[in-house]
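Here's the structure we're looking at; comments come further down.
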Amino acid sequence: MSSTRTLVSPLTLSRPRGKAVYWTVFTGIVLLFALAFLFPVYWMVTGAMKSPDEVAGTPPTLVPHHWHLSGYTDAWDLMDLPTHLWNTVVQAAGAWLLQLVFCTAAAYSLSKLKPVLGRVVLGGILATLMVPAQALVVPKYLTVADLPLIHTSLLNDPLGIWLPAVANAFNLYLLKRFFDQIPRDVLEAAEIDGAGRLRTLWSIVLPMSRPVLGVVSIFALVAVWQDFLWPLMVFSDTDKQPISVALVQLSQNIPLTVLIASMVIASIPMVLMFLVFQRHIIAGISAGSTKG
């Protein structure tokens, strides 16, 4: 019978003093980590409620002397946040949908259909992960500015964000590794029942792949939501810029409290998405370590 060794022995934990020391240290560490992660959030939220002089004052104040909610209302109006938030939602949703469709199809094909030269194709896809993202900016921009064959410009168009986002080698490889773990017997049983390959993907593989699809969705949405350089190059029209670019472009002559409030509002969707889908994130991360 194997025993699991820990930092604190079961004998020590069985004693009242040992148990008290253990839970005191454990609670202190948890509170310390919680403070380290939550304090910046508190500082940002309350910073928007201070006056501009108080924000710039030294030493900084932990609690605002006077609570002002006008920073958030001014940010909503002066920064035109509804327009830029909607632009970001459109760009992120389109990139997420196209990436989910094409990466899932490519990963399923490479994992289960075993096409000719599939390993060569997969090797070429993974090789792109070794190329720095900065080195791809100029080729991507030239391609988007003058699309080959049809010679159409995708500048100031959401397609300029959607199409480059589809080619995500990391998410494709993540999906393929998950599909590799699906037992072959399950797919063979579907074939015996008369299900085609597309039907098998839709009715068997995708329902089993909800955890990893949730993780890929999070990665896809966050990547577009927080991206700055590429949207800045694609969208020269201010009215079409996402929130990440608009906050920088429109921050001139804007009070610091209004800018901080804009950042708080811009971060709310990502925070809510994490809180809603945190179970799927944890399940997707752990799914890659289990077999079958």
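Residues take their numbers from the sequence shown, with the count starting at 1.
Residues L232 and D227 have side chains not in contact (no heavy-atom distance under 4.5 Å, counting atoms from C-beta outward). A heavy-atom distance below 4.5 Å is not found between the side chains of V216 and C103. The shortest side-chain heavy-atom distance between I243 and I265 does not fall under the 4.5 Å cut-off. A heavy-atom distance below 4.5 Å is not found between the side chains of V245 and H84. Annotation: side chain of W225 is in contact with side chain of V89 (closest heavy-atom distance under 4.5 Å). The shortest side-chain heavy-atom distance between I182 and S209 falls under the 4.5 Å cut-off. Using a 4.5 Å heavy-atom threshold, the side chains of F170 and T128 count as separate. The closest side-chain heavy-atom distance from L174 to F219 is below 4.5 Å.
With no hydrogens or angles considered, no side-chain donor-acceptor pair links S244 and Q226 at under 3.5 Å. Looking only at atom types and distance, the side chain of S236 has a donor-acceptor partner in the side chain of N156 under 3.5 Å away. For Q99 and N171, the side-chain atoms include at least one donor-acceptor pair closer than 3.5 Å.
Smallest separation of non-hydrogen atoms from P207 and L201: CD-O, 4.5 Å. The shortest non-hydrogen separation linking V258 to M79 is CG1-CG, 4.4 Å. Annotation for Q241 and F235: closest pair NE2-O, 3.2 Å, computed over non-hydrogen atoms. Scanning all heavy atoms of the two residues, the minimum distance from G71 to A261 falls at O-CB, 3.4 Å. Of all non-hydrogen atoms in R184 and K112, the two that sit nearest each other are NH1-O, 3.6 Å. Here the closest heavy-atom approach between residue T257 and residue G47 is recorded as CG2-O, 3.8 Å.
To the nearest 0.5 Å, the span separating CG on D157 from CD on Q91 amounts to 10.0 Å. Taking CG from L221 and CE from M270, the interatomic distance works out to 6.0 Å, rounded to the nearest 0.5 Å. Atom CG of residue D80 and atom CG of residue L85 lie 9.5 Å apart, to the nearest 0.5 angstrom. To the nearest 0.5 Å, atoms CH2 (W43) and CG (L38) are separated by 15.5 Å. With rounding to the nearest 0.5 Å, the separation of NZ in K240 from CD1 in I161 is 12.5 Å. Interatomic distance, CD1 of I125 versus CG of N168, reported as 11.0 Å (0.5 Å rounding).
The hydrophobic cluster containing V90 also contains W96, counting ILVMFWY residues as joined when their side-chain heavy atoms lie under 4.5 angstrom apart, directly or transitively. Residue L69 is grouped with residue L259 when hydrophobic side chains (ILVMFWY) are merged at heavy-atom distances under 4.5 angstrom, including chains of intermediate members. Hydrophobic clustering of Ile, Leu, Val, Met, Phe, Trp and Tyr side chains at less than 4.5 Å, counting indirect connections, unites V234 with W86. If you chain together hydrophobic residues whose side chains sit under 4.5 Å apart, Y173 and L206 fall into the same group. Neither F26 nor F37 shares a network with the other; the hydrophobic side chains, linked directly or stepwise wherever heavy atoms of I, L, V, M, F, W or Y lie under 4.5 Å apart, form separate groups for each.
T73 places a side-chain N or O within 3.5 Å of a backbone atom of S70 that can act as its donor or acceptor partner. Under a 3.5 Å cut-off, the side chain of W162 and the backbone N or O of A93 do not form any donor-acceptor pair. No donor-acceptor pair closer than 3.5 Å links the side chain of T104 to the backbone N or O of V101. Under the 3.5 Å distance criterion, the side-chain polar atoms of K50 are matched with a main-chain donor or acceptor of T61.
Counting non-hydrogen atoms of other residues, nucleotides and ligands closer than 6.0 Å to CZ of F102 gives a total of 12 or fewer. Counting non-hydrogen atoms of neighbouring residues, nucleotides and ligands closer than 6.0 angstrom, the CH2 atom of W202 reaches no more than 12 such neighbours. The number of heavy-atom neighbours closer than 6.0 Å to CH2 of W230, taken from other residues, nucleotides and ligands shown, is above 12.
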From CA spacing to verdict: side chain to side chain contact (heavy atoms under 4.5 Å, CB included), T200, Y108: CA-CA 10 Å; T200 301; Y108 177 70; 4.0 Å; yes

Verdict with supporting geometry, T238 and Q249, side-chain hydrogen bond (donor to acceptor under 3.5 Å, both in side chains): CA-CA 8 Å; T238 306; Q249 297 288 79; 5.8 Å; no

Decide side chain to side chain contact (heavy atoms under 4.5 Å, CB included) for L110 and L172; before the verdict, give the C-alpha distance in whole Å, the side-chain angles of both, and the deciding distance to 0.1 Å. CA-CA 10 Å; L110 293 172; L172 189 151; 4.0 Å; yes

Going through the checks in order, is the side chain to side chain contact (heavy atoms under 4.5 Å, CB included) test met by V224 and T88? CA-CA 8 Å; V224 176; T88 309; 5.8 Å; no

Mind running side chain to side chain contact (heavy atoms under 4.5 Å, CB included) on L213 and L175 for me, showing each step along the way? CA-CA 8 Å; L213 291 177; L175 288 165; 3.8 Å; yes

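Aromatic ring pairs are classed by plane angle as parallel below 30°, tilted from 30° to 60° and perpendicular above 60°; the pair Y42 and F39 is tilted.
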